[in-house]
Amino acid sequence: MTLTSKAERQAHLESQAMQAIKFTVENYEHPVFPCALIAGDVVLLELLNRLGYLSTNRVQIMFVDTFYLFNETIDFMKAVEKRYNFKANWFHAEGYACISTI
């Protein structure tokens, strides 16, 4: 695959993903994206940001803290929130504020 064809393929896939995101956000009320910070989730966060949906809160991001995540995962989510200027909705087990209360 040449560099030109690779770039064209990437642009095509990005365009398709953005069209799907736009369709979803514009046609459904209160869209929520669950985010586990795996590679695909980070790509979608980038696209949501490019479309202006994060900083305007047009899409809500749901992040589940199981209290068993690595500290680096928590730090990474905070860095992503800062980078894209949004605040995710953090969820954990009801009635528990941290692992020491389990």
Side-chain angles (χ1 to χ4, degrees):
M1 180 179 283
T2 67
L3 288 178
T4 302
S5 64
K6 186 176 180 180
E8 289 172 352
R9 176 83 175 138
Q10 182 177 345
H12 174 71
L13 292 172
E14 185 177 302
S15 173
Q16 284 185 315
M18 290 180 92
Q19 286 176 5
I21 291 168
K22 282 181 188 178
F23 177 84
T24 301
V25 173
E26 300 303 325
N27 289 286
Y28 294 93
E29 290 184 38
H30 313 294
V32 176
F33 172 65
C35 183
L37 294 175
I38 59 174
D41 291 351
V42 176
V43 170
L44 288 173
L45 286 171
E46 172 66 24
L47 297 177
L48 287 165
N49 181 64
R50 288 188 197 175
L51 292 166
Y53 293 142
L54 291 179
S55 62
T56 60
N57 293 317
R58 185 69 173 92
V59 172
Q60 297 296 308
I61 305 301
M62 180 181 74
F63 181 70
V64 178
D65 182 357
T66 62
F67 301 131
Y68 291 97
L69 299 173
F70 295 112
N71 290 334
E72 293 84 356
T73 303
I74 299 297
D75 293 343
F76 184 51
M77 182 50 135
K78 290 176 181 177
V80 168
E81 288 177 324
K82 184 176 180 180
R83 174 187 171 113
Y84 294 127
N85 191 32
F86 78 99
K87 178 69 176 137
N89 295 313
W90 291 49
F91 292 88
H92 51 78
E94 185 175 353
Y96 298 96
C98 63
I99 194 165
S100 65
T101 58
I102 293 178

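All residue numbers refer to positions in the sequence shown, counting from 1.
- Here the CG atom belonging to Asn49 is positioned 12.5 Å from the CG atom belonging to Leu44, to the nearest 0.5 angstrom.
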Name the atoms and distances for all side-chain donor-acceptor pairs under 3.5 Å in residues 11-25, with sequence neighbours left out.
residue	atom	partner	partner atom	Å
His12	NE2	Gln16	NE2	3.4
Glu14	OE1	Arg50	NH1	3.1
Glu14	OE2	Arg50	NH1	2.5
Thr24	OG1	Ala20	O	2.9

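- Minimum heavy-atom separation, Asn89 to Phe91: O-CD1, 3.3 Å.
- With Asp41 contributing its side chain and Ala36 its backbone, the two residues share a donor-acceptor pair below 3.5 Å.
- Scanning all heavy atoms of the two residues, the minimum distance from Val32 to Pro34 falls at O-CD, 3.6 Å.
- Residue Arg9 qualifies as open at atom CZ: its count of foreign heavy atoms under 6.0 Å is 12 or below.
- Placement of Tyr53 and Val43 within a single hydrophobic cluster is found when ILVMFWY residues are connected by side-chain heavy-atom separations under 4.5 Å, directly or transitively.
- Heavy-atom neighbours of Gln10 CD from other residues, nucleotides or ligands within 6.0 Å: at or below the threshold of 12.
- To the nearest 0.5 Å, atom OG1 of residue Thr73 and atom CZ of residue Phe63 are 6.5 Å apart.
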_Test side-chain contact (heavy atoms from CB on, under 4.5 Å) applied to Val59 and Leu51, step by step_ = CA-CA 11 Å; Val59 172; Leu51 292 166; over 6 Å; no
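- How far CD of Gln60 is from CZ of Phe33: 13.0 Å, rounded to the nearest 0.5 Å.
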Extract all donor-acceptor atom pairs below 3.5 Å that involve side chains of residues 76-88 and protein atoms in other chains or at least two apart in sequence.
residue	atom	partner	partner atom	Å
Glu81	OE2	Ala88	N	2.8
Glu81	OE2	Trp90	NE1	2.9
Tyr84	OH	Glu46	OE1	2.5

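- Pairing each heavy atom of Leu69 with each of Val64, the nearest pair is CD1-O, 3.7 Å.
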